[in-house]
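First listed ligand is number 1; within each ligand, the first listed atom is number 1.
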Amino acid sequence: MTVKSFIPPHRTLMGPGPSDVSERVLHALARPTIGHLDPAFVGMMDEMKGLLQYAFQTKNELTMPVSAPGSAGMETCFMNLLEPGDKAIVCQNGVFGGRMKENVERCGATAVMVEDEWGRVVDPNKVEAALKANPDAKLLAFVHAETSTGAQSDAKTLVELAHKHDCLTIVDAVTSLAGSPLKVDEWNIDAIYSGTQKCLSAPPGLSPVSFSERAAEVIKNRKTKVNSWFLDLNLVMGYWGGGAKRAYHHTAPVNNLYGLHESLVMLQEEGIENAWARHQKNHLALRAGLEAMGINFVVAEKDRLPQLNAVSIPEGADDATVRTRLLKDFDLEIGAGLGALAGKVWRIGLMGSSSSMKNIELCLSALDTVLTDMGAKINAGVAVDAAKAAS
Ligand SMILES: *Cc1c(COP(=O)(O)O)cnc(C)c1O
């Protein structure tokens, strides 16, 4: 059998990521591959640093894309800041806090868990109690935007509490970066990681990270070697931070970096505040449509993440059947529930390029058709007009 070229279908991506990648970014990915030590490439990477500093709203020198997806950014933060025997306070209110715990333990450190119900935000009172009870903790880690539930925690307050108790902070901003207000310097975040396939709308495979001076000092002064050769920032810094004297560490994913560069140029053109505002505005339009249909949100209104809308599956609708029909008949992907919320919710993403009125209208009319056919309990034929009226 001769295998032919793979031609993917054209989908509209309204799940938890990846999000729609624009034509501009797709074209950037197809530009000629050059050497990763080529002066032209080094120049592009210097621009990348400035563009990422803008996206994160920081002047941190140590700001760069890790050459692997968001999970590798997570691991970079934990592996570099923690040493065996350290203690970390980890907040969990969904899937990703659980992964943080795994990371802490794999560093040979101990995780003190602060748990909140799925769909709720991280409770600052519980965090303060944990900080008081554990004066020897080295850092506090939490997820800013919990993609598994659609809840957005108060990063500024949590970082303030950590610093009051002399703790460093690790913030998961995989889904928040470029979608929700996030100010690394103003909020004094020490270590932060993100992903490219959520609100930046570049393909998956890279993880922008940024470390404060204070965090960089902690990494330079470690007593033990980082337990990962690939993610050891002391080595990686010689590559991304070396300028013209760049030393070979690994081969950067050249074309994928063109894609991220282009998406960051687009973010700069739009303006980060405008990008935040667009995500919020489109969230309100989608909300109006869904609520008119009789579909309810999982998260309390004030805690909702505009780029990830978790809603209860209406009575009479079969989860898998609906998602399969949306994909087959409408080329539309929405997200299933994860973990404790599996089978109970849908996660509708409005991330980056996917956050548009065109996508909202497609999603609402497709859901209307599929749910009506199935005899689910919804108000038919009203959602799109309600969304338009709210936009
Ligand atoms: C998607 C996501 C990750 C993991 O990123 P990958 O690119 O899939 O490795 C981590 N944290 C959050 C909050 C996410 O949404």
Is there a donor-acceptor pair closer than 3.5 Å between any side-chain N or O of Y258 and the backbone N or O of H27?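 Looks like no, no N/O pair under 3.5 Å.
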Counting distance only, does the side-chain N/O of E47 pair as donor-acceptor with the main-chain N or O of M44 below 3.5 Å?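 Judged by distance alone, no pair lies under 3.5 Å.
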Under 4.0 Å from a heavy atom of [X]: give me the atoms of ligand 1 that qualify, with their elements.
| X | result |
| --- | --- |
| G70 | 5 (O), 6 (P), 7 (O), 9 (O) |
| T147 | 12 (C), 13 (C), 14 (C), 15 (O) |
| A145 | 13 (C) |

Between [X] and ligand 1, is there a nitrogen or oxygen pair with a distance under 3.5 Å?
| X | result |
| --- | --- |
| Y193 | no |
| T175 | yes |
| R99 | no |
| V143 | no |

Are M74 and V95 grouped together when hydrophobic residues (ILVMFWY) are joined by side-chain heavy atoms under 4.5 angstrom apart?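 Result: yes, single cluster for both.
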For ligand 1, is [X] a contact, meaning one of its heavy atoms is under 4.0 Å away?
| X | result |
| --- | --- |
| G94 | no |
| Q197 | yes |
| E146 | no |

K344 side, atom NZ; I313 side, atom CD1 - distance, nearest 0.5 Å: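 Taking NZ in K344 and CD1 in I313, the distance rounds to 10.5 Å.
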Residue part near ligand 1, for A72, under 4.0 Å between non-hydrogen atoms: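 Neither part.
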Determine, for F297 and R304, whether the Lys NZ or Arg CZ falls below 6.0 Å from the six-membered ring centre while staying within 45 degrees of the axis.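 Here R304 passes the 6.0 Å and 45° test against F297.
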Less than 3.5 Å apart, any donor N or O on the side chain of S180 or Q152 sitting next to an acceptor on the other?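 Indeed, the side chains of S180 and Q152 share at least one donor-acceptor pair under 3.5 Å.
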Assess, by modelled atom type and distance only, whether the side chains of W346 and D319 contain a donor and an acceptor separated by less than 3.5 Å.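 Present: a donor and an acceptor within the cut-off.
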Parallel, tilted or perpendicular: which fits the ring planes of F230 and H250, with parallel below 30° and perpendicular above 60°?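 The rings of F230 and H250 stand perpendicular, inter-plane angle above 60°.
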Quick one: nearest non-hydrogen protein atom to [atom], plus distance?
| atom | answer |
| --- | --- |
| atom 9 (O) of ligand 1 | S71 OG, 2.5 Å |
| atom 11 (N) of ligand 1 | D172 OD2, 2.7 Å |
| atom 1 (C) of ligand 1 | K198 NZ, 1.6 Å |
| atom 3 (C) of ligand 1 | F96 CE2, 3.4 Å |

Around K156, counting heavy atoms of other residues, nucleotides and ligands shown, do more than 12 lie under 6.0 Å from its NZ?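 Atom NZ in K156 is not packed in, count stays at 12 or less.
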Strictly by side-chain hydrogen bond (donor to acceptor under 3.5 Å, both in side chains), give each pair with a member in residues 375-389 just once, sequence neighbours left out.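 Sorted pair list comes back empty.
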